[in-house]
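Written below as structure tokens is the structure these notes are about.
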Amino acid sequence: MNKFINIIQTVGALLIFAATTFAFGTEIKKMIVNLDVQLADLLLLFIYLEVIGMVLSFYGSHRIRLTYPLFIAITAIARLMILQKKDIDTSSLLYEGGAMLLVALAIFVLRMRRSKLIQVDLDKDDI
């Protein structure tokens, strides 16, 4: 049964890789045809690169590092903030900035869990 699940995971990862590569190429083609590159386009390409990196990392180790989706989330929130018009309500920007801060803090906590400064014993079952 585990081998079947591994096959499904590998096929899924390859499909995600192929779709992301196609989307990346489509976005590049659109920028070339329009002769225009916006910051939102670059952030979208960065999201695609992060997804490709996550898939390649999974393919090598059959594990997904939790920081990859978190970095993608921060980039997606930044892109959302950039795409919004200037007439947006200020509270929305504060909420989005707060969401970005929470995700950044989550990344910090994940990075610090293996730090010698904190000395968390990850072998205990009570975590």
Side-chain angles (χ1 to χ4, degrees):
M1 184 66 174
N2 283 340
K3 184 174 176 121
F4 179 69
I5 291 175
N6 285 340
I7 290 171
I8 290 174
Q9 287 177 334
T10 303
V11 168
L14 289 174
L15 287 173
I16 292 170
F17 179 77
T20 306
T21 304
F22 177 76
F24 188 87
T26 303
E27 188 67 25
I28 293 289
K29 180 183 174 189
K30 185 176 82 171
M31 287 188 302
I32 291 171
V33 167
N34 294 337
L35 294 174
D36 186 37
V37 179
Q38 300 291 322
L39 181 59
D41 298 329
L42 296 175
L43 289 172
L44 184 61
L45 291 177
F46 185 72
I47 290 172
Y48 290 148
L49 285 177
E50 286 293 326
V51 171
I52 289 170
M54 186 171 61
V55 170
L56 292 177
S57 173
F58 170 78
Y59 189 72
S61 66
H62 288 284
R63 296 175 64 208
I64 294 178
R65 287 184 20 206
L66 193 55
T67 53
Y68 273 115
L70 294 176
F71 283 129
I72 293 170
I74 287 176
T75 308
I77 294 170
R79 185 175 185 273
L80 175 71
M81 290 173 78
I82 290 169
L83 288 177
Q84 292 174 345
K85 302 296 180 203
K86 292 182 181 181
D87 58 342
I88 191 80
D89 186 31
T90 308
S91 62
S92 295
L93 290 175
L94 288 173
Y95 292 138
E96 291 162 356
M100 217 187 275
L101 179 64
L102 284 175
V103 175
L105 287 173
I107 292 171
F108 178 74
V109 168
L110 286 172
R111 294 262 171 121
M112 291 303 291
R113 69 182 174 173
R114 303 247 190 249
S115 172
K116 293 180 182 178
L117 296 173
I118 296 176
Q119 296 178 356
V120 175
D121 188 6
L122 295 175
D123 294 332
K124 292 184 179 179
D125 291 337
D126 53 313
I127 294 179

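This one's a predicted model, so the numbers in the text were calculated from it and none came from an experiment.
The CG atom of Leu66 sits 7.0 Å away from atom CZ of Arg113, with the distance rounded to the nearest 0.5 Å. From Asp41, atom CG reaches atom CG of Leu83 across 8.5 Å, with rounding to the nearest 0.5 Å. Phe58 contributes atom CZ, which lies 5.5 Å from atom OG1 of Thr10 (distance to the nearest 0.5 angstrom). Here the straight-line distance linking atom OH of Tyr68 with atom CG of Leu56 works out to 8.0 Å at 0.5 Å rounding. Between the CG atom in Leu80 and the CD1 atom in Ile88 there is a gap of 8.0 Å [rounded to 0.5 Å]. Note that the CD1 atom of Ile107 and the CD1 atom of Ile74 stand 3.5 Å from one another [nearest 0.5 Å].
Ile52 and Ile64 fall within a single hydrophobic cluster, where Ile, Leu, Val, Met, Phe, Trp and Tyr side chains are chained together by heavy-atom contacts under 4.5 Å. When the side chains of ILVMFWY residues are joined at heavy-atom separations under 4.5 Å, either directly or via intervening members, Phe71 and Tyr48 end up in two distinct hydrophobic clusters. With hydrophobic clusters built from ILVMFWY side chains whose heavy atoms lie under 4.5 angstrom apart, Leu70 shares a cluster with Met100. Criterion: ILVMFWY side-chain heavy atoms under 4.5 Å apart, direct or through other members. Under it, Phe17 and Ile47 are part of a common hydrophobic cluster.
Considering all non-hydrogen atoms of both residues, Ala78 and Leu43 come closest at C-CD1, 4.3 Å. For Val55 against Ala13, the heavy-atom pair with the smallest separation is CG1-O, 3.3 Å. Smallest separation of non-hydrogen atoms from Glu50 and Ile72: CB-CG1, 3.4 Å.
Counting heavy atoms from C-beta outward, Gln84 and Leu93 have side chains that approach closer than 4.5 Å.
Looking at Leu42, Ile28, Ile32 one by one, the single match for side chain to side chain contact (heavy atoms under 4.5 Å, CB included) with Val37 turns out to be Leu42.
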**OP:** Could you go through the side chain to side chain contact (heavy atoms under 4.5 Å, CB included) check for Met54 and Ile16 one step at a time?
**Re:** CA-CA 10 Å; Met54 186 171 61; Ile16 292 170; over 6 Å; no
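Heavy-atom contacts from other residues, nucleotides or ligands closer than 6.0 Å to CZ of Phe46 number 12 or fewer.
In this model, a donor atom of one side chain and an acceptor atom of the other lie less than 3.5 Å apart for Thr67 and Arg65.
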